[in-house]
Amino acid sequence: MTSASSSVAAPLCTWLVAAACMSVSGDKDCHRLSLTSSSLRFSKKWRKRDLLRCCSGGNGGGGVGTGGLISSLCGSGIHGLVSSCLTFEPCSEYYKGISSLGFILGGGEGNFGLSSFFGARNGDVNRRRRRTNRACRSAEAMAVAVQPVQEVMKKKKPVTKQRRVVVTGLGVVTPLGHDADIFYNNLLDGVSGISEIETFDCAQFPTRIAGEIKSFSTDGWVSPKFSKRMDKFMLYMLTAGKKALADGGITDEVMEYLDKTRCGVLIGSAMGGMKIFNDAIEALRISYRKMNPFCVPFATTNMGSAMLAMDLGWMGPNYSISTACATSNYCILNAANHIIRGEADVMLCGGSDAAIIPIGLGGFVACRALSQRNDEPTKASRPWDMRRDGFVIGEGAGVLLLEELEHAKRRGAEIYAEFLGGSFTCDAYHVTEPHPEGFGVILCIEKALSQSGVSREDVNYINAHATSTPAGDLKEYQALAHCFSHNKELKVNSTKSMIGHLLGASGGVEAAAVVQAIRTGWVHPNVNLENPDEGVDTGILVGSKKERLDVKVALSNSFGFGGHNSSILFCPYR
């Protein structure tokens, strides 16, 4: 075949192969092609000379007739059609895209188009288009799939050193204090923040104790206008977030020099604005006119992050994650990943919850999750102890200020610790119960170690999720024993033994405790561990007094209803 015929046929080979692959009705001498009107837009202004000039380099088609080409394409049936098309080389005009296809296949009366190849008049072609069915639509994908792939020279991304993430600030609001140092000193001293609930009358409930925040003020942190309107989970979040900034040395003067498009907020909540939503329901009993106009936005879990970003003017990544009691860890790891990927330089991250209200307490009582040790509040939360009877609900917020290492060094920030990484998994087993074999937890820990490049032997401190529930504590301990059975220096404790379970905020507060352990060289005790559960090795559990420990790598676990597992890793900055 001459070069001219090749150039004419080349752009058509793809579509003809597709046509051959379609099961289209027709006699054995002429294999018809049905095309949807949406796949090709035909122009009626092109003529045969234009086609030939385009595909033969502008010499008018020079010497090629239609008969030979049609014969070579259609004369020997489908198999001949396919084999003929596959021998063609695409011409340069092929790569001009869909517009070229439309011009080649589009023909008016007498044009060198589809009607010329398949022996059909324009009217026939139009009628076939109108009779298009779903089979033809599915064939479009096939037509695209067999198009020649144009080679594209890809530039290799330059090799760059991975951005390191460090912790430069801590902010907490907890039953043991609203300052990171005061909070951790109380933990080291074994002080319990569990007490009788005072914010409402809970005499009718079988559980009347909680890790309740007794005194809290937003003065200097949140404007009075918002303090009156916002749910407590938002007030805790905004206060802890701003305290983390202050602790990290980000003053108003420093704020002026930050690139706010590269600063983000990722602070989540498990329960959201339960109080404000509950109040709205009560108001609705009277009339919708009595409802707080802010009840919907201020009840959603994302609004705390959004309001904090608005207050600071930070325009980087901003959202919240809600994975029950694993919320904070999910937020911390995702915030760190934004920095690692170069999408942000500074991130506030963690969690906040305030569910100590009648509906919150009642809900957890109904699912039989809470301790009923009302006569001894400070002894109610007792992870790994044989006499544990459920967790103690708590409230508060924990926020970390994460920063890209070089960014932190340039502004002269004090670096508390380095964030190494982490992982998530799902048990996919039960709404509230852990997997009996602990597969999800083991997988989560192993993935966290692998993705962070940390060996099992390097981990010598674990802040466990351990909530003081009969099944959960033991399953987590067994998973830890499986992963770290050869670590002779390993020490494990549970912050919840003193503050209770802060739900979505627990991971943020416990991450702050981990960072404080790295900074101070002390790990806090496990209180109320009087009769360890059978099979629990007390040698790896911190005792009733604080212990000195040079932390190499610290692991913090958080697990949530729904089977959400999370593990994150920190180490001293070197």
Side-chain angles (χ1 to χ4, degrees), residues 171-175 178 197-200 202 210-213 216-218 221-243 265-286 288-312 318-328 330-331 348-366 393-399 500-509 560-562:
V172 297
V173 175
T174 77
H178 313 323
I197 296 173
E198 297 178 0
T199 53
F200 63 93
C202 56
E212 187 180 49
I213 294 174
F216 173 71
S217 174
T218 61
W221 304 107
V222 183
S223 69
K225 177 179 67 174
F226 286 124
S227 292
K228 295 177 181 178
R229 294 176 176 173
M230 289 181 176
D231 190 276
K232 282 201 295 185
F233 98 94
M234 294 177 66
L235 298 178
Y236 293 161
M237 184 186 298
L238 266 65
T239 302
K242 289 189 176 181
K243 286 188 174 183
V265 184
L266 210 176
I267 308 174
S269 176
M271 310 300 289
M274 293 190 70
K275 176 67 164 59
I276 199 167
F277 199 76
N278 183 76
D279 291 347
I281 293 174
E282 294 301 319
L284 185 60
R285 295 178 188 278
I286 302 172
Y288 72 89
R289 294 184 177 88
K290 298 292 184 180
M291 294 176 66
N292 182 347
F294 296 95
C295 67
V296 171
F298 282 1
T300 56
T301 60
N302 73 297
M303 198 54 64
S305 280
M307 293 300 295
L308 183 53
M310 292 177 202
D311 201 348
L312 301 175
N318 185 285
Y319 56 101
S320 71
I321 297 173
S322 184
T323 48
C325 305
T327 290
S328 286
Y330 275 69
C331 291
L348 285 170
C349 55
S352 178
D353 259 317
I356 304 178
I357 61 173
I359 192 173
L361 181 66
F364 283 109
V365 165
I393 189 173
E395 63 181 352
V399 177
H501 191 356
L502 275 57
L503 308 179
S506 60
V509 171
F561 282 180

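Because the structure is predicted, anything quoted here is derived from the model rather than measured.
Between the side chain of S305 and the main chain of I267, a donor-acceptor pair closer than 3.5 Å is present. Panel note: side chain S269, backbone D353; no donor-acceptor pair is recorded below 3.5 Å. The backbone N or O of I356 lies less than 3.5 Å from no partner atom in the side chain of E212, so there is not a single donor-acceptor pair. Panel note: side chain T327, backbone G504; no donor-acceptor pair is recorded below 3.5 Å.
From C202, atom SG reaches atom CD1 of I357 across 13.0 Å, with rounding to the nearest 0.5 Å. Here M310 contributes atom CE and N318 contributes atom CG; the two are 8.0 Å apart, rounded to the nearest 0.5 Å. To the nearest 0.5 Å, atoms CE (M303) and CE (M230) are separated by 9.5 Å. Note that the CD1 atom of I359 and the CD1 atom of I281 stand 6.0 Å from one another [nearest 0.5 Å]. In this structure, CE on M307 lies 10.0 Å from CG on L235, to the nearest 0.5 angstrom. Of the inter-residue distances, the one linking L266 atom CG with L348 atom CG reads 10.0 Å to the nearest 0.5 angstrom.
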Inset, instruction - Run the numbers on I276 and R229 for side chain to side chain contact (heavy atoms under 4.5 Å, CB included), then give the verdict. - result: CA-CA 9 Å; I276 199 167; R229 294 176 176 173; over 6 Å; no
Legend entry - Full working for side chain to side chain contact (heavy atoms under 4.5 Å, CB included) between F226 and D311: CA-CA 11 Å; F226 286 124; D311 201 348; over 6 Å; no
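The number of heavy-atom neighbours closer than 6.0 Å to CZ of F277, taken from other residues, nucleotides and ligands shown, is 12 or below. The local environment of NZ in K232 is crowded, with over 12 non-hydrogen atoms from other residues, nucleotides or ligands closer than 6.0 Å.
Listed here is the closest heavy atom pair of A355 and M271: CB-CG, 4.1 Å. What you find for S506 and H501 is that their closest heavy atoms are OG-CE1, 3.6 Å. The heavy-atom pair separating P175 from G211 by the smallest distance is CG-O, 3.1 Å. Closest of all the heavy-atom pairs between C331 and G268 is SG-N, 3.4 Å. Residues A270 and S322 approach most closely at O-OG, 3.5 Å, considering heavy atoms.
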Solution key, residues 291-299 side-chain donor-acceptor pairs under 3.5 Å, sequence neighbours excluded:
| residue | atom | partner | partner atom | Å |
| --- | --- | --- | --- | --- |
| N292 | OD1 | F294 | N | 2.8 |

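With sequence neighbours excluded, no residue forms a ring-ring contact (aromatic ring centres under 6.0 Å, His included) with F233. Not counting sequence neighbours, the partners of F216 by the ring-ring contact (aromatic ring centres under 6.0 Å, His included) test are H178, Y236.
With contacts defined as side-chain heavy-atom distances shorter than 4.5 Å, the pair V399/K243 does not qualify.
The residue from L238, T239, T218 that alone fulfils the side chain to side chain contact (heavy atoms under 4.5 Å, CB included) condition with V173 is T239.
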